[in-house]
Structure formats: C-alpha cells, structure tokens
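Written out below as structure tokens is the structure these notes cover.
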Amino acid sequence: AVVSTQSTGENMDVVRGVVVCARQAMTTTTAHQTLKSFSGDLEWSKWSEWLKKNGEVLAVVLPAFRQAVKLAIDEMVYGEAESEEEVMENLMELQRDWFVGREEDQGWSEGILAGRKHLFSLYLN
C-alpha cells in the first residue's frame with residue numbers, strides 16, 4: 001500500500017515520495033514510457049531486471065507508481081494540491097474508493113463485481 005497507518009511524519013514522507021514519483025513520471029519520461037510502466041512493462045527501465053528478481057518490491061512499487069500517475073493526472077486536470085495534507089487525503093481516497101490498474105487485473109473484475117464506483121486504467125495499444 002502507498003499509504004499506511006504509520007505516524008503522521010512517516011506518512012508525510014510517503015506522500016512526498018509519491019508526489020515526487022508522480023511529477024517525475026509525468027515530466028521526465030515520455031507518455032509512451034509512462035503507459036508501458038503503468039501496464040507493468042518495465043523493459044525500458046534500467047531497474048527492470050532487478051524489479052523482476054524482487055517480486056515483493058515490484059508488488060509494492062507498481063501499484064504505488066500507478067497511483068502516482070493517477071494523482072499526477074488529477075493534478076493536471078484539477079490543479080495541484082494546496083498542501084501535503086490534501087495530497088494525503090487524495091491518496092487515501094485512491095486506496096479506499098478506487099481500483100487503479102489494468103483492466104486485465106483481478107482487482108478490476110473484483111471491483112466491478114463489488115460495485116466499486118471508481119475504476120481507473122490506462123491502455124497502451
């Protein structure tokens with residue numbers, strides 16, 4: 001999970017990391033690379049082999065990256081959050097109310113069956 005039940009100070013460190021990741025993803029990579037990473041295709045990354053060998057890390061990094069991309073898109077559309085607390089609220093809402101991932105993921109089907117109102121995916125053709 002991107003946001004946990006850690007102390008507020010530790011949560012703010014997580015928030016800062018996610019926000020930095022989101023902004024870097026949207027400004028330092030191409031849209032194509034961002035979409036490939038969102039879909040789980042990390043072949044272009046210098047870290048791809050290491051992440052593949054460390055599946056436990058990938059299981060945390062990929063969902064965090066996807067939420068960071070969703071957050072970055074929201075900030076482009078609605079404007080940047082005015083405070084770290086607002087970013088934290090947005091991240092908590094993403095985790096609580098949204099499925100962010102691929103349509104092929106099990107979570108997507110589970111979200112539909114559970115009546116989850118918010119599903120977000122990006123598709124690279």
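Since we're looking at a predicted model, the values are computed, not measured. Positions are given from 1, in the same order as the sequence printed here.
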Using side-chain heavy atoms (C-beta onward) and a distance below 4.5 Å, is D74 in contact with N90? no
Side chains of residues 99-107: which donor-acceptor partners sit under 3.5 Å, not counting sequence neighbours?
unit_1	atom_1	unit_2	atom_2	d
R102	NE	D105	OD1	3.0
R102	NH2	D105	OD1	2.9
D105	OD2	R66	NH1	3.2
D105	OD2	R102	N	2.9
Q106	NE2	E110	OE2	2.6

Could you tell me if the side chain of I73 sits less than 4.5 Å from the side chain of Y78, heavy atoms only? no
Closer than 3.5 angstrom, by distance alone: can the side chain of Q67 be matched with the main-chain N or O of A64 as a donor-acceptor pair? no
For the atom pair CZ (F38) and NZ (K70), what is the distance rounded to the nearest 0.5 Å? 9.5 Å
Under the side-chain hydrogen bond (donor to acceptor under 3.5 Å, both in side chains) definition, can you give me all pairs with a residue in residues 51-65, not counting sequence neighbours? E43-K52
Give, for atom OG1 of T30 and atom NZ of K36, the distance between the pair rounded to the nearest 0.5 Å. 9.0 Å
Return the CD to CD distance between E89 and E84, rounded to the nearest 0.5 Å. 12.5 Å
Rounding to 0.5 Å, atoms CD (E86) and CD (E75) come to a distance of 8.5 Å
At their closest point, which heavy atom of L51 faces which heavy atom of L58, and how far apart are they? O-CB, 3.8 Å
Cluster question for you: counting only ILVMFWY and a side-chain heavy-atom cut-off of under 4.5 Å, with indirect links fine, are W50 and V61 together? yes
Sorted by chain and number, sequence neighbours left out, side chain to side chain contact (heavy atoms under 4.5 Å, CB included) with E93 holds for R96, D97, W98
W108 vs F120 side-chain heavy atoms within contact, under 4.5 Å: no
Taking all non-hydrogen atoms of both residues into account, name the closest pair between V87 and A81 and its distance. CG2-CB, 3.4 Å
Could you walk me through whether F65 and V60 pass side chain to side chain contact (heavy atoms under 4.5 Å, CB included), step by step? CA-CA 9 Å; F65 178 78; V60 172; over 6 Å; no
Same cluster or not: L119 versus L122, using hydrophobic residues (I, L, V, M, F, W, Y) connected whenever any side-chain heavy atoms lie under 4.5 Å apart? no
Could you see if M76 belongs to whatever hydrophobic cluster contains L94? Use Ile, Leu, Val, Met, Phe, Trp, Tyr and a side-chain cutoff under 4.5 Å. yes
